[in-house]
4 protein chains.
Amino acid sequence: MAKKTGEKYQAIIEAAVKVIAEHGYHNAQVSKIAKEANVADGTIYLYFKNKEDLLISLFHQKMGEWIMVTKEAIEQAKTAPEKLLTLIHTHFYHLSTHLNFAYVTQVEMRQSNPRIREGVRRSVKSYLNLIDEVIELGMKEGVFRSDIQLFTIRKMVFGTLDEAVTAWLMNDRKYELMNQVIPIHTLFINGLKADKQ
Amino acid sequence: MAKKTGEKYQAIIEAAVKVIAEHGYHNAQVSKIAKEANVADGTIYLYFKNKEDLLISLFHQKMGEWIMVTKEAIEQAKTAPEKLLTLIHTHFYHLSTHLNFAYVTQVEMRQSNPRIREGVRRSVKSYLNLIDEVIELGMKEGVFRSDIQLFTIRKMVFGTLDEAVTAWLMNDRKYELMNQVIPIHTLFINGLKADKQ
Amino acid sequence: MAKKTGEKYQAIIEAAVKVIAEHGYHNAQVSKIAKEANVADGTIYLYFKNKEDLLISLFHQKMGEWIMVTKEAIEQAKTAPEKLLTLIHTHFYHLSTHLNFAYVTQVEMRQSNPRIREGVRRSVKSYLNLIDEVIELGMKEGVFRSDIQLFTIRKMVFGTLDEAVTAWLMNDRKYELMNQVIPIHTLFINGLKADKQ
Amino acid sequence: MAKKTGEKYQAIIEAAVKVIAEHGYHNAQVSKIAKEANVADGTIYLYFKNKEDLLISLFHQKMGEWIMVTKEAIEQAKTAPEKLLTLIHTHFYHLSTHLNFAYVTQVEMRQSNPRIREGVRRSVKSYLNLIDEVIELGMKEGVFRSDIQLFTIRKMVFGTLDEAVTAWLMNDRKYELMNQVIPIHTLFINGLKADKQ
DNA sequence: TATGAATGAGTCTTCATTCAT
DNA sequence: GATGAATGAAGACTCATTCAT
């Protein structure tokens, strides 16, 4: 029970993302997901323990892909400010180009129950760690101020990006999200700039 | 139907805040709220059109109180940076001292359905306007940079504060939220600082 | 939740007995019982915690009525052998005249799950106590042998009556159950007769 | 399809007995039985028409073994009272030493559906015939009374033995079943004793 | 106004059975 | 013969809302 691989596993995950994005969290019945994935209702339970497990797995996997992309992009950049720019860019770009996932993560999934949210939280933690690494590097490099605690800065960075994406989606994407990469980076860099001694 | 005043109206709102905070959004049944408010289930429908209306009204009213407090506090401050400091301080202080409401707004209410979230959004808009006013003032004063769009800055400010409070609550409030007022203010001020020409 | 009185409570119990007797245990859906009782499905849950609770309550109540009838009948009889005759007679007569309950208790309910069967078992215990009292009286009176343990005799008495009723029902009641009262009583009396010293 | 021989056929039957006894009737899924028998789920359907057929076959075979043992034992005894003693002894001894089957037949199988119970009934009939033969012999010998119908006596005998074993199992076998052989035999013999003319 | 008993729509999950390999 | 992945039908229970009193 609960095989975590196979093409049907993938098909179900993709179907779930699509159904949730299109119909909303509260209208994403198991039967609807099964139909979208072209499998029987029961088949879902060969790959997932229950609906909760499906949603958490979905999030875990999609979040994992996003984190990987971000990690690789950041590695290309050299300095901490450049890495931060890359992170902002990748954050916006990835969600812009994975709209269904964007809706799922920014809007729909937040309506889920506490246990699912806890699973989500764990997946998000890895992403927060990525942010932390960039900030810490900047502090070591001496380009980011280190008199403010890491976790306070992380909240500014993540909170700002998260709010920017959510607002963009809730306003029906009627402006260009990517245009905010530079301004937000500028705000961060200025905010984080180490005092010149 | 739907009388928007009376002591029972208030009692029901307060009961709803308490029940949601204590039992979670998904366990806040109308009957439980009625019991907490010492009224019959049916009585709730004399004051609210339906559960959705109750939740939106609740949020609207509580948000209104919060906004009023913030507005008054900001008026006391003179310069934009001081007003921003006051806003951050009041944001954290108000939610610290209205814990039930804090949980309702930061954690529980986000699990609600799209229509309720839309109602919530409208209430939040007034708060975002407050932020906008402070930023705009700073721009006029020439102390905040004006080469970055207002709504981008607003997202940084609100996103950061929101994330800070949510993380604090989700971590069981095991550190002092008020300690982050100054660091966050510092980050904002530096980020927003107008270039000295 | 779970009011154990009222006319609807009774109506639901009677409906359940009827539906189980007519459609069999495995075809006695809550919705079918609700329809038979002329109430909404949900109403059943105002009176019973769940389906299990309904079935156990049903059995408890019907068994209680049966036990009361038997107890009163036995009290009229004077000697232990007469009381035993009365018990056999009442056992057969009550089930003959409460056919739906007879099917429920002898045939359908035995297909239920362990928790329900445990509830049933508790109700049956009171009936076994009645049998015990009669046997013990006979032993005290010196008319029943006391060199055989009470619980062995009780098993003979209950086992025989139970088997007699079940076989009668399973054979579509094509013979007269009441005709077995005297022969079975004779068998018991002879079997139990105390040795004349 | 439905080959009624082969070592897998046996393996499946034995596995079913074990699984039902250990996990209970309602938790004896086909897949669990297949696993226990070290065959694939589908293989079961090469040997049995369906689950019902498996359960009925299982019962038929195990009951057949039991009947054979009993028949042989009875033949050793000479008089009807001795044969009755042997039958009681074998009844208790066989079930004591085939505990899994005892649970299956006395407890678990009774939760099954009507069609299975009908199959079970047919298997039991052969056993009841054995009892009948012993009683009839006693009547012919003139040691058992013949003024009471055979089928009434048979119900006493079978009902008593059945109740004795079931009660023993339901009470977790905390007393010695074999100790009841003599007392029950005594009860029967006295009950059945022909009037001395 | 206020009550609270009654309503009934809506969904996740299990598991016996099949059939392509 | 043997496999085991896939199927899909079926039912208990919750809770927002109503309405007779």
Side-chain angles (χ1 to χ4, degrees), chain A residues 1 3 6-9 12 26-35 37-54, chain B residues 1 3 6 8-9 26-35 37-55 113, chain C residues 1 3 6-9 12 26-35 37-54, chain D residues 1 3 6 8-9 26-35 37-55 113:
Chain A
M1 177 183 316
K3 301 191 325 179
E7 53 178 313
K8 299 228 163 150
Y9 179 83
I12 293 166
H26 290 287
N27 279 305
Q29 293 86 350
V30 169
S31 59
K32 206 177 273 174
I33 295 171
K35 195 169 216 174
N38 280 319
V39 299
D41 294 17
T43 303
I44 289 187
Y45 292 85
L46 295 178
Y47 292 90
F48 303 92
K49 209 168 123 245
N50 48 35
K51 188 179 181 183
E52 206 167 286
D53 181 37
L54 163 55
Chain B
M1 92 181 50
K3 220 180 66 151
K8 295 213 170 163
Y9 178 84
H26 289 288
N27 279 305
Q29 294 85 351
V30 169
S31 60
K32 207 178 271 173
I33 295 171
K35 193 171 212 174
N38 280 318
V39 300
D41 294 17
T43 303
I44 288 186
Y45 292 84
L46 296 176
Y47 291 90
F48 302 92
K49 206 168 125 246
N50 49 34
K51 188 179 182 183
E52 223 165 62
D53 181 35
L54 162 57
L55 296 180
N113 70 47
Chain C
M1 174 185 317
K3 301 192 326 179
E7 54 178 312
K8 299 228 162 147
Y9 179 82
I12 293 166
H26 290 287
N27 278 305
Q29 294 86 350
V30 169
S31 59
K32 207 177 273 173
I33 294 171
K35 195 169 215 174
N38 280 317
V39 299
D41 293 19
T43 303
I44 289 186
Y45 294 86
L46 296 178
Y47 292 90
F48 302 92
K49 208 167 125 246
N50 48 35
K51 188 179 181 183
E52 206 167 287
D53 181 36
L54 163 56
Chain D
M1 101 181 41
K3 221 180 64 151
K8 295 214 171 163
Y9 178 83
H26 289 288
N27 279 306
Q29 293 85 353
V30 169
S31 59
K32 205 177 274 174
I33 294 171
K35 194 170 213 175
N38 280 318
V39 300
D41 294 17
T43 304
I44 288 186
Y45 292 85
L46 297 176
Y47 291 90
F48 301 92
K49 207 169 125 243
N50 50 33
K51 189 179 182 183
E52 221 165 62
D53 180 36
L54 162 56
L55 296 180
N113 70 46

### Query
When the distance from CD1 of Ile12(C) to P of dA5(E) is rounded to whole Å, what number comes out?
14 Å
### Query
What's the CD1-C1' distance between Ile33(A) and dT11(E), to the nearest Å?
12 Å
#### Entry: Gap separating the CD1 atom of Ile12(A) from the CD atom of Glu7(A), nearest 0.5 angstrom
10.5 Å
### Message
How many whole angstroms separate atom NZ of Lys35(C) from atom P of dT7(E)?
### Response
14 Å
### Message
Quick check for you: to the nearest 0.5 Å, what is the distance between Tyr45(D) atom OH and Lys51(D) atom NZ?
### Response
8.0 Å
### Query
Parallel under 30°, tilted from 30 to 60°, perpendicular over 60°: which one fits the rings of Tyr9(A) and Phe48(A)?
parallel
### Query
Rounded to the nearest 0.5 Å, what separation is found between the NZ atom of Lys8(A) and the CD1 atom of Ile44(A)?
11.5 Å
### Query
Closest heavy-atom contact between Asn50(D) and Asp53(D)?
OD1-N, 2.8 Å
### Task
Using a 4.0 Å cut-off on protein heavy atoms (strictly under), produce a 5'-to-3' string for nucleotides 15-21 of chain E with B for base contact, S for backbone-only sugar-phosphate contact, and - for none.
SSBB---
### Message
If I take atom OH in residue Tyr47(A) and atom P in nucleotide dT13(E), what distance separates them, rounded to the nearest angstrom?
### Response
18 Å
### Summary
Here the distance between atom P of dT1(E) and atom CD1 of Ile44(B), to the nearest Å, is 16 Å
#### Entry: Integer-rounded Å distance: dG1(F) P and Lys8(D) NZ
10 Å
### Query
Given pairs defined as Watson-Crick or G-U wobble with both distances under 3.5 Å, what dot-bracket annotation applies to DNA chain F, with ( ) intrastrand, [ ] crossing, | other strand and . unpaired?
.||||||||||||||||||||
### Message
In the structure I gave you, are the side-chain heavy atoms of Ile33(D) and Leu54(D) within less than 4.5 Å of one another anywhere?
### Response
yes
### Query
Atom CG of Leu55(B) and atom CG of Asn113(B): how far apart are they, to the nearest 0.5 Å?
8.5 Å
### Message
Measure OH/Tyr9(D) against C1'/dG1(F) and give the value in whole Å, please.
### Response
18 Å
### Task
Could you pick out which residue, Asn38(B) or Ala40(C), lies toward the 5' side of DNA chain E when each is mapped onto its nearest nucleotide?
Asn38(B)
